[in-house]
Amino acid sequence: MARLGGRFFVCVLALVLVHEAAGRGLADLKKKSEKKAASEAEKKDEGSAQPRSDAATSSFGSGTYPSSSGGEGFLSSFWGWLIAAPFQYRHDDPAASMSPDEGGWAGGYQPGFPEHDVGQATVPYVRVDYNWQYIDSANDAQDGRIEVGYKAVALHARTTRYVDDSAGLDLDLNQYYAVLRYGGYRPDFLPGTFEFGVGFGVCQTIDDSENSSGALTIPIKYYPADWWGIEFRPAWYKGTYWGAEFTTGDYDLSASLGYRFMQLRGGYRWLWLQGAGHYLNGPYAGVSVSF
């Protein structure tokens with residue numbers, strides 16, 4: 001298992017670090033945004049003279065909203081369990097021990113919220129990340145993230161500063177999420193440790209002006225062994241760049257190498273702007289400290 005995991009880690013790391021940084025930088029993003037903003041302003045001026053019916057523009061009653069079935073399906077059971085799970089597990093209860101040496105696993109796995117061992121990257125109490133991203137010879141990014149949580153609930157905050165030295169431009173992305181999460185050590189489910197979360201929050205974009213929108217993230221982590229793992233951290237929000245708004249997919253794929261409390265990280269991050277393509281993508285290297 002260790003040999004297979006090591007080979008997989010090397011493959012993932014090679015792909016994300018060696019991949020050519022084909023994305024476009026801040027100067028290209030500003031040019032595209034200004035062009036879109038001018039086009040939208042022109043269309044708005046043309047349409048302002050034409051009266052519109054509220055009935056035609058309203059989405060209420062359009063039949064696009066799903067109806068409630070009221071049945072006991074998988075999702076209803078899952079969310080009910082997720083809310084109740086933190087109250088079904090006591091970290092200091094000897095009967096809840098998951099160590100085979102202490103008899104916890106020997107007596108059979110007892111369902112509940114999996115245990116978190118101090119220092120693991122999954123479901124941490126506190127975790128801090130720092131990354132430096134290479135985009136091209138003129139563009140790079142500094143990225144920092146902090147995660148604070150307990151059992152099924154966590155708060156994530158992430159700030160990224162993109163800089164284009166040749167054009168004298170910079171762009172800040174600040175993201176804040178409240179996250180419901182589940183994971184830890186569940187040998188009946190997966191070897192190693194894992195984490196799956198759903199987070200809702202706000203993304204703030206700062207260039208020449210400041211704008212914000214609602215945001216969604218679904219972080220996924222899998223560590224087959226304590227010393228290596230992979231993470232996928234997608235997010236979606238409405239980003240406003242130099243006056244133009246784009247539905248943005250923010251994708252972050254990484255692999256880590258280390259042990260408890262500290263991991264070295266290599267990854268690849270890219271922004272996908274609907275209708276405009278990918279921007280500011282490239283490989284990054286960083287470090288994570290977990291507790």
Side-chain angles (χ1 to χ4, degrees), residues 12-13 16-17 23 116 118-135 139-163 170-184 193-206 210 212-223 228-237 239 248-272 279-291:
V12 173
L13 190 60
V16 296
L17 292 180
H116 164 72
V118 175
Q120 285 180 336
T122 54
V123 288
Y125 298 126
V126 179
R127 174 174 156 176
V128 178
D129 299 343
Y130 169 78
N131 305 310
W132 176 79
Q133 181 183 2
Y134 174 83
I135 299 170
N139 290 262
D140 65 0
Q142 307 277 344
D143 177 60
R145 194 181 71 86
I146 185 169
E147 178 178 347
V148 179
Y150 184 66
K151 298 177 184 175
V153 179
L155 298 175
H156 294 193
R158 183 174 192 175
T159 180
T160 308
R161 164 155 285 197
Y162 295 96
V163 176
D170 59 72
L171 170 68
D172 291 337
L173 290 181
N174 300 322
Q175 302 178 54
Y176 309 96
Y177 298 99
V179 180
L180 289 176
R181 62 184 186 175
Y182 176 74
T193 63
F194 70 96
E195 180 184 334
F196 173 80
V198 178
F200 301 92
V202 174
C203 179
Q204 180 185 50
T205 57
I206 305 174
E210 181 178 319
S212 61
S213 76
L216 168 70
T217 186
I218 304 178
I220 301 170
K221 309 174 188 175
Y222 180 49
Y223 283 70
W228 80 277
I230 55 176
E231 299 187 6
F232 181 48
R233 193 179 298 279
W236 299 270
Y237 46 82
T248 303
D250 186 340
Y251 302 102
D252 181 341
L253 177 66
S254 67
S256 66
L257 180 65
Y259 198 65
R260 300 271 179 91
F261 302 104
M262 182 174 289
Q263 301 86 31
L264 299 178
R265 185 173 307 283
Y268 197 87
R269 185 180 180 187
W270 66 101
L271 302 184
W272 181 264
Y279 285 83
L280 306 176
N281 55 295
Y284 67 81
V287 61
S288 298
V289 178
S290 306
F291 175 76

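Model, not experiment: these values are computed from the prediction.
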Is the shortest heavy-atom distance from the side chain of [X] to the side chain of [Y] under 4.5 Å?
X      : Y      : value
Lys151 : His116 : no
Leu271 : Leu173 : yes
Asn131 : Arg269 : no
Phe194 : Ile220 : no
Ile218 : Phe196 : yes
Tyr150 : Tyr125 : yes
Val198 : Val179 : no
Leu171 : Thr160 : no

Exercise: identify the closest heavy-atom pair between [X] and [Y]:
X      : Y      : answer
Glu147 : Pro124 : OE2-CD, 3.5 Å
Gly149 : Arg181 : C-NH2, 3.2 Å
Cys203 : Ala215 : N-CB, 3.9 Å
Ala235 : Tyr177 : CB-OH, 3.5 Å
Leu253 : Tyr284 : O-OH, 4.1 Å
Thr193 : Tyr222 : O-CD1, 3.4 Å

Do the side-chain N and O atoms of Asn281 and Tyr268 include a donor-acceptor pair separated by under 3.5 angstrom? yes
Do Trp236 and Tyr251 have side-chain atoms, one donor and one acceptor, less than 3.5 Å apart?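 Looking only at side-chain atoms, Tyr251 and Trp236 do form a donor-acceptor pair, the distance falling under 3.5 Å.
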[X] [atom1] to [Y] [atom2] distance, which is reported to the nearest 0.5 Å:
X      : Y      : atom1 : atom2 : answer
Thr159 : Tyr176 : OG1   : OH    : 6.5 Å
Ser212 : Ile206 : OG    : CD1   : 9.5 Å
Gln142 : Tyr130 : CD    : OH    : 3.5 Å
Asp252 : Gln133 : CG    : CD    : 8.5 Å
Asp250 : Leu280 : CG    : CG    : 9.5 Å
Glu195 : Tyr223 : CD    : OH    : 9.5 Å

List the steps and the verdict of side chain to side chain contact (heavy atoms under 4.5 Å, CB included) for Asp140 and Trp132. CA-CA 7 Å; Asp140 65 0; Trp132 176 79; 3.2 Å; yes
Determine the sole option in Arg265, Arg233, Arg161, Arg158 for which the salt bridge (charged side-chain N to carboxylate O under 4.0 Å, His left out) test with Asp143 is passed.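 When Arg265, Arg233, Arg161, Arg158 are each tested with Asp143, the salt bridge (charged side-chain N to carboxylate O under 4.0 Å, His left out) holds only for Arg158.
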Around Phe261, counting heavy atoms of other residues, nucleotides and ligands shown, do more than 12 lie under 6.0 Å from its CZ? yes
Does the Glu210 side chain pair with the main chain of Gln204, one donor and one acceptor, at a distance under 3.5 Å? no
Return yes if some donor-acceptor pair links the side-chain N/O of Ser288 with the main-chain N/O of Met262 below 3.5 Å, else return no.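 Not a single qualifying donor-acceptor pair exists.
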What do the steps show when you test Phe291 against Val118 for side chain to side chain contact (heavy atoms under 4.5 Å, CB included), and what is the final call? CA-CA 5 Å; Phe291 175 76; Val118 175; 3.4 Å; yes
Charged N to carboxylate O under 4.0 angstrom, Arg127 versus Glu231? yes
